[in-house]
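Data block below; observations after.
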Amino acid sequence: SFTPSPTDCVKAHRVCSAESGCEALYRGLDLCAANAEMSPLGDKVAAECLEGQDALLTKHPSLSSCKCQRGFRKEEQCLRIYWRVHLLPGEELEMSPYDDTLMAPRMADLVAASSFMQLDDENQCLKAAQDCSLYKKCGSLRSEYVLACTKRVTGTSRCNQHKCHRALRRFLERVPEEKGLGVLFCPCTNTLCGERRRKTIVPSCSYQDMEGLQPNCLHQQSFCRRDDLCRSRLADFLNNCQPSPLTASGCLKDSAGLCLRAYAGLIGTTMTPNYVSNSSADVSLWCNCEGSGNQWQDCLRLQHMFTHNTCLRNSITWMGSPGSLPADATKPPAPRPSPLVQE
Amino acid sequence: LYFPQNEYIETVYVGQPAGTPILQVHAMLDSNSERPHFYLCWTSNLRRPPYSSWFSLDIHTGILSLNKTLEESDFTLQYQKSWSVKKLFLQALVLQDFTKKSQCSGRNPIRITLDFVNATMPQCAQTDMKELCFPHRDTSNPHIMENRFPGALRQLRRLTRLNVCPNYTISYNVESETPAPFAVNENTTELVVTAPLDREESERYRLLLVCSVRTETVITKVETSLDVFVNDEDDNSPYMNGTDTADIIISFNRTMGGSFGNLFVFDRDLTPIFPIAQSHNRYDGTLLNSDPWIKNTFDIKDTFSEKKAARGGIRETVHNYKLVLKRNLYVTENRTLQLDYLVNDTTYPGLEGTVVLHFNVTILPIHIQFSNVTHMFTLTRRASVYAQVGRVCVENCQQFDGFSVTYRLEVPDKNVSADMQSCYTAVSITQAPDEMWGLLYVNDTEALRRPECQDLQYLVVAQEEPTKQEASTQIHIILDSEANKANPVNQQFLSCAVNRRRADCESARGLGATTGRCQWRQGSEKGISEKYSTCSPDLRTCPDSFCDAVESKDTSICPQDCTKGSVVGGHERGLRNGIQAGYGTCYCYTEKCFCEKEDIEEAICDD
Amino acid sequence: GKGRSRQPKQSSRDCRVEKREMRVRDLGLGFDSDEIVLFKFCVGSCQSSRTNYDLALKALLENGSLPRRTARKVSSHPCCRPDRYEPVSFMDAQTTWRTIQSLSAASCMCMG
Amino acid sequence: GKGRSRQPKQSSRDCRVEKREMRVRDLGLGFDSDEIVLFKFCVGSCQSSRTNYDLALKALLENGSLPRRTARKVSSHPCCRPDRYEPVSFMDAQTTWRTIQSLSAASCMCMG
C-alpha cells in the first residue's frame with residue numbers, strides 16, 4: 001500500500017496561519033509549550049492544552065501528520081512546529097518527526113558504499129576517509145568540521161562545542177550519504193583502524209568534557225529533550241533503531257539503512273554517541289547511570305538502547321559486510337519450534 | 001498505589017478470538033487499605049488510535065483481553081506503512097476508586113506495547129517451550145518500593161498461550177542464590193513478594209523462574225532469570241565513618257575560592273542527581289557560628305557522589321564537605337577559630353537526621369622576607385638589551401596565592417655621583433601579572449659598556465599587596481669582560497629568530513642575547529618535533545614553550561615562545577601562543593614564522 | 001545585435017585551478033600520515049591582465065640596463081595566484097587530527 | 001629598554017620600489033618625445049610572504065609529477081608587484097601633452 005509522503009510542517013503551518021481560528025489555536029499551544037518549559041504542566045492546564053491540541057488537529061489533520069526533512073534549510077523551524085502540535089505525547093512516544101519516504105536511504109548507494117569496504121587487512125576507515133577527501137565537497141566539509149572541532153577558544157584550551165556540533169551535522173547532512181556513513185561505519189580488523197574510526201567525530205570536543213566527567217544519562221536526555229533538534233534526532237533514533245526479535249534484521253522497521261542514518265543523526269547533538277574503544281564496534285553514549293536513584297533501571301534502559309541494541313549492532317555490522325543481512329523490509333519468519341527436553 | 005512495572009510487552013496475532021487474555025498488569029499497595037482499580041486511558045479522546053476499541057482491561061484483576069477477534073483487515077488498517085510487525089500502544093492507570101474519565105494526562109500511566117504480527121498464532125507443535133512459559137522479551141523489570149506491603153507483582157503465565165497446548169500442565173516456582181522473600185501463588189501463577197523489602201539490605205534480587213511443563217510422558221523445565229529492583233526511600237539518617245573534625249592550617253594559599261580540609265558524611269540512602277527537582281534524600285547545612293567575620297570569610301561546600309558500599313555493593317551516598325574562602329585573606333591575618341556546621345537530611349522522617357561537623361582553623365600570618373643569602377649574578381658587558389640576568393623571589397613565593405608581591409630595584413647608596421647613578425640604568429626588573437618572582441634583565445647596554453660602571457649592587461625591594469608589607473635584599477651583578485672589548489655604543493639589535501642558519505645566527509647580535517651573540521639549536525629529528533632547529537637569544541629560556549615576563553616585552557626577543565601570528569610549514573602551536581613543535585628549521589619575521597627544511601641550494605641562490 | 005554578449009570563453013591556458021592528489025607525506029611539511037589529499041593550485045597565463053606598467057617594464061628588461069641579479073627578481077606580468085585558500089584536514093599516523101591552514105587554492109586570479 | 005630593539009630592517013632583498021630614468025621613446029609604447037621620465041618598478045624577494053600553499057607547491061614542482069609545460073606556468077611564491085600605480089605626463093614631439101595611465105609603480109607589495 002503506497003503511503004503518500006506527509007506534508008512538510010512549515011507548509012502545513014503556513015496554511016493554518018492563513019486561517020485566524022487555526023492560528024489562534026496554534027498560538028495557544030505556543031503558550032502551553034512555553035509554560036511546559038518552565039515547569040511540568042499541572043493536570044488542569046495539561047487538559048486544557050490537550051483540548052486545544054485536539055481541536056487544532058481535528059480541524060487541520062495535515063498538521064497532525066506533517067513531518068520534516070533532515071538537513072533542509074528550514075529544518076529547525078519545521079521541528080519547532082512539529083513539537084508544538086505534538087506537545088503532549090500521544091500513545092506512540094517514539095514517533096519520528098522525520099519523513100524518510102522521500103529520501104528512503106538509497107539502499108543501492110549504501111550497499112555500493114559498503115561493498116567497497118570488504119573486510120581485508122587494509123585500513124577500511126583510511127580508505128573511507130580517502131574516498132571522502134578526494135570527492136568534491138566531501139573533503140572541504142570534512143576539513144571544516146575538523147577545524148571547528150580542534151580549534152581552541154582563544155586564551156583557553158577548550159574548544160567551541162556548539163560550533164563543532166553544527167559543523168559535524170553540516171558534514172553529515174551535506175555529503176552524499178554513502179560517504180558520510182562510510183567514514184562512520186567502516187569495518188575494522190585492527191586497533192589502528194578502530195582508533196581512526198573512533199576519533200572520526202573528534203570525541204575530545206564533540207562530547208567529552210574537559211575533566212572527563214560523564215553526566216548522568218537521564219540528565220543528558222533531559223537536556224536533549226529541551227532542544228527541538230536533539231529531541232527530534234533522539235526520537236528518530238528510538239523509532240528507526242527500535243529492536244524487534246521478530247524480524248531478520250533485528251529491527252522493527254527492518255531497515256539497517258534507516259537505523260544507521262538515525263544513529264548518525266544524533267552525532268553533533270547533546271547525545272552524541274560513539275565507539276567505546278578502538279578494538280570493537282560497540283557504541284555507547286558518553287554518560288553513566290551514577291546518581292539515578294530509583295530511576296536506575298530507566299537509565300540502564302536508555303544506555304542499553306546503544307550498548308545492547310541488536311538492531312543497531314546488526315546494522316553497523318551489516319554496513320561492514322553487506323552480505324550479512326537482508327537490507328530491505330521482509331516478512332519476519334514464524335517463531336521457530338525448538339522443543340527443549342529436560343529430564 | 002504504584003505500578004511495579006512501567007512497561008508491558010506482548011505479541012498478538014491475526015485470528016486471536018475476542019476474550020483472549022493478553023497480559024495482566026499489577027499494582028502494589030502503599031497502605032493496607034488501598035484497593036487498585038485498573039483503567040485503560042488515552043492521551044486524547046479525540047485522537048484515539050483506531051485499535052482503542054479492540055481491548056479491555058478488567059478493573060479489578062488488571063487482565064487485558066481482546067474485545068474482538070483480530071482480522072487480517074485489522075492489520076492492513078494500521079497506518080504504520082508496510083512493516084511486517086505493527087506496534088499498538090496502550091496506556092493504563094491504577095486508581096484508588098472508580099472513575100469515568102479515561103484521560104491519562106498527568107497521572108503517570110504505564111505503557112503496554114503490543115507487537116501485532118500479520119500471521120496466525122503458532123500452533124502447539126511450533127511453539128517453543130520458552131515462549132509457552134514466559135513473555136517474549138520483557139524489557140521492564142519490576143521495581144518494588146522498600147518498606148511496603150507484600151503482594152503479587154507479576155503474572156508468570158503467558159496468558160496468550162493459555163490454550164495453545166491444552167494437554168500440557170504448566171506450573172512455576174522461583175529460586176534464588178541468596179535468600180529472597182519471593183514465592184509463586186500456585187492458583188494464580190502470580191509472583192508474590194512475601195515480606196517488606198529493605199533496599200539497604202539488597203537493591204536487586206536475581207530470581208530464577210522455573211517453568212515446569214508436564215505432558216503424559218515428559219516433564220520439561222524451562223528457566224529464565226528475572227531481576228527485581230528495590231526502590232529507595234529516605235529511611236536512613238546521615239552517619240560519620242571516622243572523624244567529624246578537620247584541623248586546617250591556612251598559610252601561603254589564602255585566595256578566594258581556595259578550599260581546605262575534607263570531611264565525609266555517609267547516607268545509606270540514594271541521592272539522585274536527576275531530576276534535579278526531586279526532593280529525595282535532600283541535604284542542607286547551616287553554619288552555627290554567629291561571628292560575622294567567620295560568616296563573611298568562610299563557606300562550606302558540599303558535593304555528593306554515589307558509591308558502592310563495601311558489604312553487598314549496595315549503592316549509597318557520600319557527602320564531601322570542604323571549607324572554602326569567600327575572600328582573599330590579608331597576609332597579616334593571624335587567628336585560630338572553630339567553625340561548626342550542622343548537616344541536615346531534610347527528607348529523613350526520624351529525629352536523628354542531623355550531624356555536626358567541626359573545622360579547627362589556624363590562620364598563620366605570612367612574613368614577606370628574602371632568604372638571607374647574598375644574591376650574586378654574573379653578566380657579560382657584551383649582553384644585548386633584554387638579556388635575562390636572573391630571577392629574584394621572596395621566600396616561599398612559589399606557593400603564594402590570594403595576594404601579590406611586586407619587586408623594584410633601588411640604588412643602595414643614595415648619594416653616589418651622578419655618573420655612577422646612570423650606571424644603575426643598566427639592569428631593570430620585571431614580573432608577569434600572575435607570577436610571584438621578579439626577572440632581572442639588561443635594560444641599557446650603553447651603561448653596561450661604560451668602564452666606570454664596574455660594581456653593580458642593587459637593592460631589591462619586594463612589596464606585598466594589599467597590606468604594603470615590604471622586604472629588601474642586596475644583589476650583586478658582576479660584569480665579567482672588560483669595558484673596551486664590548487661592542488660599540490648604540491648598537492642596534494635584530495631578532496635572533498630571523499636567522500635560518502647556524503653561521504648567520506652565531507654571528508648575529510640579537511635581542512635578549514645573554515652572551516651578546518645568538519645561540520643556534522640544531523634539531524636532529526625527522527618529522528615535526530619539539531627539538532626543531534632555531535636561533536635563540538638564550539637556549540635556557542627560549543624556546544621553552546613559555547612566554548615569560550621579559551620575552552613578552554617584545555615578540556622579537558623570542559617569537560618561538562610568544563608569537564601569536566601565523567606559522568607557515570609543519571608545526572604545532574603552543575597552548576597559548578608560540579611554536580610547540582616544528583619541522584626542520586623555524587625562523588620568524590615580524591608578523592610571520594616559517595618552519596621548513598633548509599634547502600642549501602635554494603639558500604645560496606637566494607643570496 | 002540580438003543575443004547577449006558572451007564572455008570570451010576562458011582560454012584553457014589562462015589562470016585557473018588545477019588539482020593533484022598528493023600524499024600528505026609528500027607535501028614537504030613534515031606531517032606523517034597515510035592519507036592522500038586533494039591539492040588545488042593555480043596555473044596559467046596572465047598576459048591578458050597586463051597594464052602599461054608591464055609594457056614599459058618589458059622594454060626596460062629588454063634594453064639590458066638592469067643588472068641580472070635585479071632583473072631576476074622582477075615579475076614582468078601579474079602572477080596567477082590563489083585569491084582564496086582552503087584548509088585541509090587529515091588524521092596523522094598517531095590518529096591525531098591535523099589541519100593545514102591555507103594549503104589549497106580555493107580559486108585563482110591574476111594578481112598585481 | 002635603552003639600546004632600542006630594531007624591527008628587522010626590511011632586508012635589501014625584499015620586495016621594494018626601484019627607479020630608472022627612461023626615455024619616453026624607450027618605453028616601447030610608441031610615443032615620440034624627447035622627454036625622460038622616472039619609471040618606478042617593483043623588484044625583490046617575496047619569500048617571507050609565502051604560505052603553506054607555496055611549500056606544498058614547491059614539493060609538487062620538485063617531485064616532477066607536473067608536466068614541464070604546466071610547471072612553467074606556476075608562480076611558486078607571491079610576486080612582487082605594484083599595489084598602486086601612478087600616471088606619467090609629458091609633451092610629445094608635436095608639443096602635445098600626453099599622459100600614460102598606470103605606468104609607474106607608486107608602491108609595491110608581495111601579491112597572492
Side-chain angles (χ1 to χ4, degrees), chain A residues 121-152 159-160 163-164 167-168 170-171 175 179 182-184 186 188 190-206 208 274-275 277-279, chain C residues 7 9-44 79-111:
Chain A
D121 52 17
E122 220 194 322
N123 186 335
Q124 292 306 322
C125 289
L126 172 61
K127 233 158 115 191
Q130 221 54 95
D131 187 33
C132 168
S133 70
L134 302 179
Y135 178 85
K136 291 198 203 118
K137 270 293 209 182
C138 200
S140 43
L141 280 167
R142 178 186 186 223
S143 294
E144 213 180 275
Y145 89 70
V146 170
L147 201 55
C149 297
T150 50
K151 195 160 178 259
R152 289 189 278 243
C159 71
N160 184 324
K163 279 190 178 150
C164 174
L168 272 169
R170 218 170 101 84
F171 172 76
V175 303
K179 304 282 186 225
V183 296
L184 289 180
C186 37
C188 288
N190 57 60
T191 52
L192 185 64
C193 170
E195 188 62 5
R196 169 181 283 274
R197 178 174 62 184
R198 192 184 69 81
K199 282 196 170 157
T200 292
I201 60 168
V202 198
S204 58
C205 181
S206 60
Q208 280 163 0
N274 195 24
Y275 293 93
S277 76
N278 54 24
S279 52
Chain C
Q7 275 301 344
K9 196 169 82 45
Q10 216 201 359
S11 103
S12 66
R13 289 182 313 106
D14 283 345
C15 178
R16 62 200 179 274
V17 178
E18 286 214 357
K19 297 174 186 164
R20 273 293 182 290
E21 291 181 5
M22 284 182 79
R23 290 190 171 286
V24 167
R25 286 197 182 92
D26 301 339
L27 290 172
L29 297 173
F31 289 105
D32 175 22
S33 167
D34 305 323
E35 288 205 23
I36 299 169
V37 291
L38 200 59
F39 177 63
K40 294 190 271 188
F41 58 99
C42 302
V43 67
C79 55
C80 174
R81 290 283 302 179
D83 63 333
R84 211 162 37 81
Y85 290 99
E86 281 175 356
V88 172
S89 300
F90 55 89
M91 227 185 240
D92 68 15
Q94 285 73 43
T95 61
T96 304
W97 279 110
R98 300 288 179 202
T99 296
I100 308 176
Q101 296 285 4
S102 317
L103 177 70
S104 208
S107 58
C108 300
M109 207 177 112
C110 287
M111 298 274 201

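To find a chain, count down the sequence lines: A is the first, B the second, and so on, and within it residues start at 1.
Across C:Leu38 and A:Ser133, no two heavy atoms sit closer than the pair CB-O, 4.1 Å. Summarising the geometry of A:Lys199 relative to C:Trp97, their closest heavy-atom pair is O-NE1, 2.7 Å, with the distance given to 0.1 Å.
Heavy-atom distances place the side chain of A:Gln130, and not its backbone, under 4.5 Å from chain C. For a residue to count as touching a neighbouring chain, one of its non-hydrogen atoms must lie under 4.5 Å from one of that chain's; by this rule C:Ala93 touches chain A with the backbone only. For a residue to count as touching a neighbouring chain, one of its non-hydrogen atoms must lie under 4.5 Å from one of that chain's; by this rule C:Gln101 touches chain A with the side chain only. Contacts between A:Leu126 and chain C at a heavy-atom distance below 4.5 Å involve the side chain alone, from C-beta outward.
For A:Arg152, the CZ atom sits in a packed shell: over 12 heavy atoms of surrounding residues, nucleotides or ligands are nearer than 6.0 Å.
Contact check for C:Thr95 versus A:Arg198: no side-chain heavy atoms found under the 4.5 Å cut-off. Contact check for C:Asp34 versus A:Asn123: no side-chain heavy atoms found under the 4.5 Å cut-off.
Separation of atoms CD (C:Glu86) and CD (A:Glu144) is listed at 9.5 Å; rounding is to 0.5 Å.
For the side chain to side chain contact (heavy atoms under 4.5 Å, CB included) criterion with C:Ser89, the lone passing option out of A:Thr150, A:Val202, A:Val146 is A:Val146.
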